[in-house]
Peer 1: 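Provided herewith is a single structure, encoded as structure tokens, for subsequent inquiry.
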Protein chains: 2
Amino acid sequence: MDTEFKEAYFNTAIVTSVVLFGFEDDKLKILTIPQEFEPFKGASVLPSKYVRVNDSVESKVKEIMNELTDVDFEYAEQLKAFTKVFRNPLGRVVNIAFYALVKINDEVLARCEKNNAKWEDYNQIPDLAFDHNEIIDYAKERLKRRVKRRPIGFLLLPKYFTINQLQKLYEIALDREMDKRNFRKKIFNSELIIETDMEDTSGRKAAKLYKFDEERYEKLSLKGYDFLF
Amino acid sequence: MDTEFKEAYFNTAIVTSVVLFGFEDDKLKILTIPQEFEPFKGASVLPSKYVRVNDSVESKVKEIMNELTDVDFEYAEQLKAFTKVFRNPLGRVVNIAFYALVKINDEVLARCEKNNAKWEDYNQIPDLAFDHNEIIDYAKERLKRRVKRRPIGFLLLPKYFTINQLQKLYEIALDREMDKRNFRKKIFNSELIIETDMEDTSGRKAAKLYKFDEERYEKLSLKGYDFLF
DNA sequence: CCAAAAGTGTTCGGAATACACCCATGA
DNA sequence: TCATGGGTGTATTCCGAACACTTTTGG
């Protein structure tokens, strides 16, 4: 069709931003990086990329994650499109935001450092440019919902973890304190975690280490199993 | 900035589609209309509009709803962006889809007829053009979740309704049969509905008519109340 | 008179909650 | 030795699920 039509409608840019959640030092964290270009150059933002006309949005999310973590891909899911009409001199930008979960390890930390990225505390997110704080709020709500229905804790914690680490994670994500005994009861009833013979000896008293039973989870998921926290 | 940059990034069209849910004849319905232009002219699609550079997406959703219903606005909420790279000769199109709830009445039916729109049965949605069936599947999931946490039945039913109508709605949305006695217990426990002295005499035995207690719901919502179905 | 839809209570089991003390160890 | 964090069991309450019969009336 004619150029006039094309110019009237095909004139929006797509950006994708990723709210990357990680767990470190018994705390939930969200990754921010300094904005590379104008506008807001230097301000903290969520890791983001333009989506060009033949790019899939998901491939851009993967690129972001591959640059900042050491695994091909862990878990990402679209939140929604953020469409506020910003006064960007270049034109209209729509942000298709994702939330994603990664296990933080030394390699991840090294890559983040190389990119000047910073893991901000879940409860102390600084002011970010654009509407990125709004995106984070939305992502937190999504996390809250997901954590109740799917065992996503296992995507955030290291392979071997203590029950107390898991509980900390739930407490932060759900924003409430929980009773130790009731928490253990619920977790062990789910039969999704396996006790190992390893221990975490970093605290006062050694703590048993557990791992997630992925096989069992796959099987249960197929049968319409609900995690229900 | 330079035109080259602008052409490289600002070249996507935004469309919004609305999955409009209604309840009529004891059944949940979704509205489709015939596609007006190529491609797929004449095929059934979800009501949709281009979003131009200075339009808010929400305003376009309202336009769609105002054309097809008789109220300014009832309830709409973004689902997510559908971003598949379609072979549209014009270029890349991103669809920011919404789901919305309306009360079907004679005025609505008249407007729909005028627009050749059709209320399709929730469980017998025909093949639609583009990825609109995928959007509907996503909307159904959202409805399922919402119906459990918020009393959205009251946005779909007429002002006065019977308990059995409400139950039918829940049964379709949640895709399972429910026990009459348990259903009533749960609904009455919520204290969100008010008995009226009217009756629906269209069936064999007259049925009591109820209405939603909006005031009470507002108050409860403020206190972080959860509907929990 | 009978088919079809409205209306109504009780019992049971499982899950959520509340709650308090002992143990091991590093400082 | 004591402060810190790990680990454990029971009683109560509440909610969801299962379940069957009576009433009204249009055909």
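Here is the naming used below: chain letters follow the sequence lines, and residue numbers restart at 1 for every chain.
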Peer 1: Taking the six-membered ring where the residue is Trp, are the ring centres of B:Tyr75 and B:Phe98 under 6.0 Å apart?
Peer 2: no
Peer 1: Between atom CG in A:Asp200 and atom P in C:dA24, what is the gap in whole Å?
Peer 2: 17 Å
Peer 1: Can you tell me how far P of D:dG16 sits from CG of B:Asp179, to the nearest Å?
Peer 2: 13 Å
Peer 1: Could you state the NZ-C1' distance from A:Lys148 to C:dA15, rounded to the nearest angstrom?
Peer 2: 16 Å
Peer 1: Quick one: which of D:dT4, C:dA4, C:dG7 gets closest to the side chain of B:Arg184?
Peer 2: C:dG7
Peer 1: Please confirm whether the shortest side-chain N or O distance from B:Asn182 to OP1 or OP2 of D:dA17 is below 4.0 Å.
Peer 2: no
Peer 1: Heavy atoms from C-beta onward define the side chain here; which of C:dC19, C:dA6, C:dG9 lies closest to that of A:Arg181?
Peer 2: C:dC19
Peer 1: Between D:dG5, D:dA18, C:dG7, which nucleotide has the shortest distance from any of its atoms to the side chain of B:Lys205?
Peer 2: C:dG7
Peer 1: Regarding B:Lys168 and B:Glu171, does a basic nitrogen lie under 4.0 Å from an acidic carboxylate oxygen?
Peer 2: no
Peer 1: Decide whether A:Asp200 and A:Thr162 meet the rule of one side-chain donor and one side-chain acceptor closer than 3.5 Å.
Peer 2: no
Peer 1: Take atom CD in A:Glu74; do more than 12 heavy atoms of anything else shown fall under 6.0 Å from it?
Peer 2: yes
Peer 1: Once you apply a heavy-atom cut-off of 4.0 Å, does B:Lys185 come out as touching a base, just sugar-phosphate, or nothing?
Peer 2: base
Peer 1: Expressed in angstrom and rounded to an integer, what is the separation of A:Tyr170 atom OH from C:dA16 atom P?
Peer 2: 13 Å
Peer 1: For the pair made of CG in B:Asp226 and C1' in D:dC14, what is the distance, rounded to whole Å?
Peer 2: 17 Å
Peer 1: Expressed in angstrom and rounded to an integer, what is the separation of B:Glu199 atom CD from C:dA5 atom P?
Peer 2: 18 Å
Peer 1: Categorize A:Asn164 for me: base, sugar-phosphate, or nothing, with a 4.0 angstrom heavy-atom threshold over every strand shown.
Peer 2: sugar-phosphate
Peer 1: Return the value, rounded to whole Å, for the distance between atom CD1 of A:Ile163 and atom P of D:dG7.
Peer 2: 8 Å
Peer 1: Tell me: CD1 of A:Ile187 to C1' of C:dA16, nearest whole Å?
Peer 2: 14 Å
Peer 1: More 5' along DNA chain D: B:Leu228 or B:Thr201, using each one's nearest nucleotide?
Peer 2: B:Leu228
Peer 1: Would you call the rings of A:Phe227 and A:Tyr225 parallel, tilted or perpendicular if under 30° counts as parallel and over 60° as perpendicular?
Peer 2: perpendicular
Peer 1: The side chain of B:Lys180 is closest to which nucleotide in this list: C:dT8, D:dA17, C:dC19?
Peer 2: C:dT8
